[in-house]
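Taking it in order: structure first as structure tokens, then the write-up.
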Amino acid sequence: MNGGADLGGMMGFGPVVQEEDEPLFHAPWEARALGIVVALGACGQWNIDAARYAREDMHPGDYTRTPYYAIWLKAAKRLMVEKGMLTEAEIAQSMPLTPAAPIKRKLAAEDVDAMLAAGGPADRPATGTPAFAVGDQIRTINNHPTTHTRMARYARDKIGTITKVHGFHVFPDSNAQGQGEDPQWLYQVAFSARTLWGDQARADDSVTLDLWEPYLRTVS
């Protein structure tokens, strides 16, 4: 969706400044927030794409003013209410008022390291053959859904070149809406910086994105 998270190429935000020797967390609450979100995700009540949509669906003004891990907590709270794990009254009173909702699984402390090391692979057994091959030119679709998508706004309706076929992967657009994984072919696509940003971009710069087959069209 075109929200506060999709900032590529927008003016007025200034340059991206890299923080030297940046710590993993800037305050203890950030580490705790990450732990809470990881534990909640392990409950199996939603998937990673639904979680991403809950974060990016904030009002753009609120999104840009809210610290990174606070965005995670706000999204987790929203998802818990939607899934019946928490009520607005419980949030207001900071205490449980209803019996605990059933969950699919629970993450034990001794299992955290193994779970994080395993990650959450999104590749799936392939069905059919990819429509594009390395070296093919493609044009991205010009679509602006109000739900989650990984097709960055700044790269829509642009011509790029396939540089790698990653394989068959869960399609975020459907998975975020609870419509199933609907796996699709995933490609690495390179774009000239000038194709994306115009003549003011450096001629020798490029941007590489991982894009699913439904985002791509043959260049006629």
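Remember, it's a predicted structure, so these values are computed and weren't measured experimentally.
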Inset, instruction - State which residues pass ring pair (Phe, Tyr, Trp, His ring centres under 6.0 Å) with F168; sequence neighbours excluded, sorted by chain then number. - result: W185
Legend entry - Over 12 foreign heavy atoms within 6.0 Å of CD1, I48: no
Inset, instruction - Answer yes or no: is there a side-chain heavy-atom contact under 4.5 Å between R217 and T140? - result: no
Inset, instruction - Applying ring pair (Phe, Tyr, Trp, His ring centres under 6.0 Å), name anything that partners W197, two or more places apart in sequence or on another chain. - result: Y154
Legend entry - Expected output: side-chain N47 to main-chain N175 donor-acceptor under 3.5 Å: yes
Inset, instruction - Search all heavy atoms of I103 against all heavy atoms of R105 and return the closest pair with its distance. - result: CD1-O, 3.2 Å
Inset, instruction - Evaluate the side-chain proximity of V38 to M115: yes if any heavy-atom separation is below 4.5 Å, no if none is. - result: yes
Tabulate below the donor-acceptor pairs under 3.5 Å that side-chain atoms of residues 141-151 make, not counting sequence neighbours, or state none.
unit_1	atom_1	unit_2	atom_2	d
N142	OD1	H144	NE2	2.9
H144	ND1	N2	ND2	2.9
H144	ND1	R156	NH1	2.8
T147	OG1	Q177	NE2	3.3
H148	ND1	E56	OE1	3.4
H148	ND1	E56	OE2	2.8
T149	OG1	M151	N	3.2
T149	OG1	D173	OD2	2.9
T149	OG1	Y215	OH	3.2

Legend entry - Heavy-atom side-chain proximity of I36 to L40 below 4.5 angstrom: yes
Inset, instruction - Please tell me if the side chains of T208 and V189 come closer than 4.5 Å, counting only heavy atoms from C-beta onward. - result: no
Legend entry - Where F191 and I159 come nearest, the two heavy atoms and their spacing: CD2-O, 3.5 Å
Inset, instruction - Look at atom CG of D113 and say whether more than 12 heavy atoms of other residues, nucleotides or ligands are closer to it than 6.0 Å. - result: no
Inset, instruction - Over 60° means perpendicular and under 30° means parallel, so classify the ring planes of Y69 and F25, tilted if in between. - result: tilted
Inset, instruction - Kindly give the heavy-atom pair with the smallest separation between H166 and H169, and that separation in Å. - result: O-NE2, 3.7 Å
With a 3.5 Å cut-off and sequence neighbours excluded, list the donor-acceptor pairs that the side chains of residues 75-83 form with protein atoms.
unit_1	atom_1	unit_2	atom_2	d
R78	NE	E82	OE2	3.0
R78	NH1	D57	OD2	2.8
R78	NH2	D57	OD2	3.0

Legend entry - V165 and F132, any side-chain heavy atoms less than 4.5 Å apart: no
Legend entry - Residue pair F171 / L186, side-chain heavy-atom distance below 4.5 Å: no
Inset, instruction - Decide if atom CZ of R202 counts as having more than 12 heavy atoms of other residues, nucleotides or ligands within a radius under 6.0 Å. - result: no
Legend entry - CG-OG1 distance between D205 and T195, expressed to the nearest 0.5 angstrom: 12.0 Å
Legend entry - R139 vs K158 side-chain heavy atoms within contact, under 4.5 Å: no
Legend entry - side-chain hydrogen bond (donor to acceptor under 3.5 Å, both in side chains) partners of residues 3-23, not counting sequence neighbours, each pair once: E19-H26
Legend entry - Parallel, tilted or perpendicular: rings of Y68 and W72 (30°, 60°): tilted
Legend entry - Pairwise side-chain contact, M58 with R55, heavy-atom cut-off 4.5 Å (strictly under): no
Legend entry - Qualifying residues under ring pair (Phe, Tyr, Trp, His ring centres under 6.0 Å), relative to Y53, sequence neighbours excluded: none
Inset, instruction - For T98 and E90, run side-chain hydrogen bond (donor to acceptor under 3.5 Å, both in side chains): C-alpha distance rounded to whole Å, both residues' side-chain angles, the deciding distance at 0.1 Å, then the answer. - result: CA-CA 8 Å; T98 58; E90 289 173 321; 3.1 Å; yes
Legend entry - Distance, nearest 0.5 Å, that separates OG1 of T163 from CD of Q188: 3.5 Å
Inset, instruction - Consider only side-chain heavy atoms of I, L, V, M, F, W and Y, link residues closer than 4.5 Å, and tell whether L24 and V37 are in one cluster. - result: yes
